[in-house]
Amino acid sequence: MEFSSSDTKERIRQAVDIVDLVGGSIALRRQGAMFVGICPFHNDSKPSLQVRPDRQTWKCWVCGDKGGDIFTWVMERERVDFKDALKLLADRAGIQLEQRPQRQTVSGSPDDKKTLYECCAWAEQQFHEHLLKSESAEVARRYLAERKINAESIAKFKIGFAPNDRSWLTERARRANISPAVLEATDLLARRSADGSLYERFKGRVMFPIHSTEGRCIAFGGRILPQFDDGKTGKYVNSRETLLFSKSNQLYALDQVRDNIRQSRSLTVVEGYTDVVMCHQQGVNDVVACLGTALGERHLSLIKRFADSVYLILDGDDAGQKNANRVLEIFVAAQFDLKIVTLPDGADPDEYLQAHSAADWQAMLESRAVDALEHKIRVATAGIDTVHDTYRANAALEEILQTIALSPKPNLTSPGQMQLREQQIMTRLAREFALDAADLSRRLSELRKNTRTIPAEVPSVRTSPAIASALVVPKVSELSPVECELMELLVRFPELAPTALAELANEELSSEVVRTLFQLYRRLEEAGEGLDFNRVLSEIEDPRLQSLMVEFDIRSEHKLAVEAQKDRTIMDPATRMRSVIRAFQRHREEQERRVAEAELEKNSLTESGVDLVKEMLQRKRLQQGIIAPTEG
């Protein structure tokens, strides 16, 4: 029986923020891009434990072998095995675990994630090349030119075009041996409710590929061109939920911005694809968009991995203001820094940036950004005489206090900024409504008692001790430098993994631990799964292996940072990977040479051994630039 699928583990990992989880057990404080705290696993006198929200990992350098992700934290903290940690975290995330027989996925079927990834990548390329090269796409190229979207942006975002032809994609898929069932599983084909027949979901639309956080195409958004708009479908159509895609777990262009916001830890959220494209085109590179849905709790869990504050850009109409009211309560409850920005004159970001520069944009954000609670007060009291219109004023005040009550009461361990902010708000409300501040505080306390809050930590359950693997896990310093470099590249640049997997055999790795991890990458790649760091980490149940992976990740980041501080240009990742592969090849050739020499010494060179020597000599000549002699 399979206890939980990889998809379920991934949903739990995305739903539980590691800073909230660890911070529920120990006090954490911000230190640059990470948090630090006193390690509970040894007699710690200074903060030795580090929590990295962008990578969703933790590590204690004094313990050495302690580190990993949310699952490992619960395993170590509660002394339980992986299955019990999974249960605890599923309960915390509100995710139901089901025991069901393990089903074998058939390669090429609509249930095979690798096949679906390949289909999305293929369709992305078809749409993009059609836009660039086809005569029939001239109408789409003119539209993009009118929107002032340039060639660089089209290439960066892989924008494409689906012609207004009901069988264009289907015919191409048939020639590429992609079945209609797979097209339907990726929502490129949809089924009519009337008669159950299939039709192409995207026709006559400019296509915006949607990528996962690690950059893989998983879905599409399409904007109908005015010439093909019959009024029967929406201006924008997004892919429906699929095995690869959940709109509440994704943000458009997050794969593009995640590295740009590493230092600022600040993200800007707008409403549309073209808004994002135009912002990036103008040099504003911290902008993402929702995918046909308002920001929600699952988005917040995703955002907290990469950012500590969010600017929510709203159109200046009433709908935009209502959208902010739905969103801000989620952010207030999570004690997350949210600022609301309403653009001047009812403009949208696309229109604003066509008339202004990136510097103007930044200045506009700073001057017009309003704290989430301040925005709530402004909206709730708009048009109300808060002193004389008693009924409406009381209703507005109650609405505001209920929103504030969603956040936990500040205490002695709360950040000073949080305590000060609440004091300022309460003083402001007392003055605004001509009431006593003490009365307001009492009412807020009453509301907090009746407000359901998210538990701060996983309940303490002690069952069986964590299962220890028979695998011997060495220190990183005990591994060969070339194998360390291989793993550092894999965890930091997963797009290089297919190259390494194609060029290197498991047997070439001397360390059993590195072989085990490399084989995991190979299994995930063959299954069509993502190879990003967190996805691989979630497949590892041994806490010591997880800690080792986290150390590889941190060493890789540190190496890049040191080179940057020295103002030196480190080799690009692809070149570094080629160097690693060459090092393994040289080691392989050296072993072959030693075998051949041993056979020569024994005067027992076999026919295959003679061929091996000839091949070695030929390679040596090529390396030295010597042309092999010819016969005759």
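Model, not experiment: these values are computed from the prediction.
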Novice: Show your reasoning for whether side chain to side chain contact (heavy atoms under 4.5 Å, CB included) applies to Ile149 and Ile159.
Specialist: CA-CA 10 Å; Ile149 295 176; Ile159 298 171; 4.2 Å; yes
Novice: Applying ring pair (Phe, Tyr, Trp, His ring centres under 6.0 Å), name anything that partners Phe306, two or more places apart in sequence or on another chain.
Specialist: none
Novice: Just by distance, with hydrogens left out, do Ser301 and Gln14 show a side-chain donor and acceptor under 3.5 Å apart?
Specialist: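 Checked: Ser301/Gln14 side chains show no N/O donor-acceptor pair below 3.5 Å.
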Novice: Applying salt bridge (charged side-chain N to carboxylate O under 4.0 Å, His left out), can you list everything that pairs with Asp44, at least two apart in sequence or on another chain?
Specialist: none
Novice: As a quick check of understanding, evaluate salt bridge (Lys or Arg N to Asp or Glu O under 4.0 Å) for Arg535 and Glu214, giving each step before the final call.
Specialist: CA-CA 10 Å; Arg535 179 66 187 86; Glu214 63 270 21; over 6 Å; no
Novice: Mind running side chain to side chain donor-acceptor pair (under 3.5 Å) on Gln250 and His211 for me, showing each step along the way?
Specialist: CA-CA 8 Å; Gln250 305 291 339; His211 295 119; over 6 Å; no
Novice: For Phe220 and Glu124, what are the C-alpha separation, side-chain angles and deciding distance, and is it a side chain to side chain contact (heavy atoms under 4.5 Å, CB included)?
Specialist: CA-CA 8 Å; Phe220 296 90; Glu124 176 185 50; 4.1 Å; yes
Novice: With sequence neighbours left out, what residues match Glu399 under salt bridge (charged side-chain N to carboxylate O under 4.0 Å, His left out)?
Specialist: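 For Glu399 the salt bridge (charged side-chain N to carboxylate O under 4.0 Å, His left out) partners, ignoring immediate neighbours, are Lys376.
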Novice: Just say parallel, tilted or perpendicular for the rings of Trp73 and Phe41, cut-offs at 30° and 60°.
Specialist: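 Taking Phe41 first and then Trp73, their aromatic rings stand perpendicular (interplane angle over 60°).
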Novice: To the closest 0.5 Å, what do you measure between CZ (Phe533) and CZ (Arg55)?
Specialist: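 Phe533 CZ to Arg55 CZ: 5.5 Å, rounded to 0.5 Å.
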Novice: Assess the residue pair Val287 and Val257 against the criterion (side chain to side chain contact (heavy atoms under 4.5 Å, CB included)); give the C-alpha distance rounded to whole Å, side-chain angles, the decisive distance to 0.1 Å, and a yes or no.
Specialist: CA-CA 7 Å; Val287 181; Val257 309; 5.7 Å; no
Novice: Is Val206 close to Leu144 at the side-chain level, that is, under 4.5 Å between some pair of heavy atoms?
Specialist: yes
Novice: Is it true that the side chains of Gln354 and Asp350 contain a donor and an acceptor less than 3.5 Å apart?
Specialist: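 A pair is found: one side chain offers a donor N or O, the other an acceptor, under 3.5 Å apart.
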Novice: For this output row, return yes or no: ring centroids of Phe127 and Phe202 closer than 6.0 angstrom.
Specialist: no
Novice: Regarding Asp259 and Arg262, does a basic nitrogen lie under 4.0 Å from an acidic carboxylate oxygen?
Specialist: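 Yes, Asp259 and Arg262 are salt-bridged.
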Novice: Under the criterion ring-ring contact (aromatic ring centres under 6.0 Å, His included), I'd like the reasoning laid out for Tyr252 against Tyr273: C-alpha separation, chi angles, the key distance, then a yes or no.
Specialist: CA-CA 7 Å; Tyr252 180 66; Tyr273 301 111; 4.7 Å; yes
Novice: Answer yes when Asp255 and Arg216 have at least one side-chain N-carboxylate O distance shorter than 4.0 Å, and no when they do not.
Specialist: no
Novice: Evaluate side chain to side chain contact (heavy atoms under 4.5 Å, CB included) for Phe433 paired with Ile384, printing each intermediate quantity in order.
Specialist: CA-CA 11 Å; Phe433 289 87; Ile384 298 176; over 6 Å; no
Novice: Got Leu188 and Glu200 here, is their nearest side-chain heavy-atom distance under 4.5 Å?
Specialist: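 No. Closest side-chain heavy atoms not under 4.5 Å.
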Novice: Using the salt bridge (charged side-chain N to carboxylate O under 4.0 Å, His left out) criterion, which residues pair with Arg240? Sequence neighbours excluded.
Specialist: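 Testing Arg240 for salt bridge (charged side-chain N to carboxylate O under 4.0 Å, His left out), a comparison that skips the adjacent residues, returns none.
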Novice: Would Ser239 and Arg201 count as having a side-chain donor-acceptor pair, cut-off 3.5 Å?
Specialist: no
Novice: Are a donor atom and an acceptor atom from the side chains of Thr274 and Arg147 found within less than 3.5 Å of each other?
Specialist: yes
Novice: Roughly how far, to the nearest 0.5 Å, is CG of Leu295 from CG of Leu338?
Specialist: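 If I round to the nearest 0.5 Å, the distance is 8.0 Å.
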Novice: What pairs with Arg13 under salt bridge (charged side-chain N to carboxylate O under 4.0 Å, His left out), at least two apart in sequence or on another chain?
Specialist: Glu10
Novice: Please identify each residue that fulfils side-chain hydrogen bond (donor to acceptor under 3.5 Å, both in side chains) with Ser153, with sequence neighbours left out.
Specialist: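 In terms of side-chain hydrogen bond (donor to acceptor under 3.5 Å, both in side chains), with neighbours along the sequence ignored, Ser153 is linked to Asn150, Gln281.
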Novice: If you take all heavy atoms of Gly68 and Leu537, which pair is closest and at what distance?
Specialist: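 Reported closest heavy-atom pair: C-CD2, 4.2 Å.
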Novice: Go through the structure and list residues passing side-chain hydrogen bond (donor to acceptor under 3.5 Å, both in side chains) with Glu432, not counting sequence neighbours.
Specialist: Arg428
Novice: Mind checking side-chain hydrogen bond (donor to acceptor under 3.5 Å, both in side chains) for Gln56 and listing every partner two or more places apart, or none if nothing turns up?
Specialist: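 So Gln56 forms a side-chain hydrogen bond (donor to acceptor under 3.5 Å, both in side chains) with Asp17.
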Novice: Quick one about Arg191 and Tyr199 (side-chain donor to acceptor, distance below 3.5 Å, no hydrogens or angles considered), yes or no?
Specialist: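 Side chains of Tyr199 and Arg191: no pair found under 3.5 Å.
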Novice: Tyr311: which residues meet the ring pair (Phe, Tyr, Trp, His ring centres under 6.0 Å) condition with it, sequence neighbours left out?
Specialist: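 Checked Tyr311 against ring pair (Phe, Tyr, Trp, His ring centres under 6.0 Å); zero matches.
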Novice: Would you say the side chain of Asp54 lies within less than 4.5 Å of the side chain of Met34, judging by non-hydrogen atoms?
Specialist: no
Novice: Could you grab the distance from atom OG of Ser266 to atom CD1 of Ile303, nearest 0.5 Å is fine?
Specialist: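 One gets 10.5 Å once the value is rounded to the nearest 0.5 Å.
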Novice: Restricting to side-chain hydrogen bond (donor to acceptor under 3.5 Å, both in side chains), what partner residues turn up for Asn260, sequence neighbours left out?
Specialist: none
Novice: Kindly say whether the aromatic ring centers of Phe157 and His280 come within a distance under 6.0 Å.
Specialist: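 Phe157 vs His280: aromatic centres under 6.0 Å.
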Novice: Taking atom types as modelled and ignoring hydrogens, do the side chains of Asn249 and Arg11 form a donor-acceptor contact shorter than 3.5 angstrom?
Specialist: no
Novice: Do Phe71 and Phe82 have ring centroids that are under 6.0 Å from one another?
Specialist: yes
Novice: Could you please spell out the steps behind the side chain to side chain donor-acceptor pair (under 3.5 Å) verdict for Arg265 and Ser309?
Specialist: CA-CA 7 Å; Arg265 300 281 303 173; Ser309 62; over 6 Å; no
Novice: Test your reading of the model: is there a side-chain donor-acceptor pair from Thr72 to the backbone of Ile70, 3.5 Å cut-off?
Specialist: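 Not a single qualifying donor-acceptor pair exists.
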Novice: Taking all heavy atoms of Pro40 and all of Arg77, pick out the closest pair and write down the distance.
Specialist: CB-NH1, 3.0 Å
Novice: Is there side-chain contact between Thr186 and Phe245, with at least one heavy-atom pair below 4.5 Å?
Specialist: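 Thr186 vs Phe245: side chains apart.
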Novice: Please examine the side chains of Pro53 and Lys304, heavy atoms only from C-beta on, and report whether any two atoms are closer than 4.5 Å.
Specialist: no
Novice: Mind checking what makes side chain to side chain contact (heavy atoms under 4.5 Å, CB included) contact with Asp371, not counting sequence neighbours?
Specialist: Leu373, Glu374, Arg421
Novice: Can you tell me how far apart NZ (Lys46) and SG (Cys39) are? Round to the nearest 0.5 Å.
Specialist: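 Going from NZ on Lys46 over to SG on Cys39, the span is 13.0 Å.
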Novice: Quick check: do Val51 and Leu28 have side-chain heavy atoms less than 4.5 Å from each other?
Specialist: yes
Novice: For His356 and Gln282, which I'm curious about, is there any donor-acceptor pair between the side chains at under 3.5 Å?
Specialist: no
Novice: Show which side-chain atoms of residues 224-237 pair as donor or acceptor with protein atoms under 3.5 Å away, not counting sequence neighbours.
Specialist:
| unit_1 | atom_1 | unit_2 | atom_2 | d |
| --- | --- | --- | --- | --- |
| Asp229 | OD1 | Gly231 | N | 2.9 |
| Asp230 | OD1 | Lys232 | N | 2.9 |
| Thr233 | OG1 | Arg205 | NH2 | 3.0 |

Novice: For the side chain of His388 and the backbone of Asp385, is there at least one donor-acceptor N/O pair under 3.5 Å apart?
Specialist: no
Novice: For Gln256 and Lys156, indicate whether the former's side chain and the latter's backbone hold a donor-acceptor pair under 3.5 Å.
Specialist: yes
Novice: Quick one, Glu398 and Arg443 - any side-chain contact, counting heavy atoms below 4.5 Å?
Specialist: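 Yes - at least one pair of side-chain heavy atoms lies under 4.5 Å apart.
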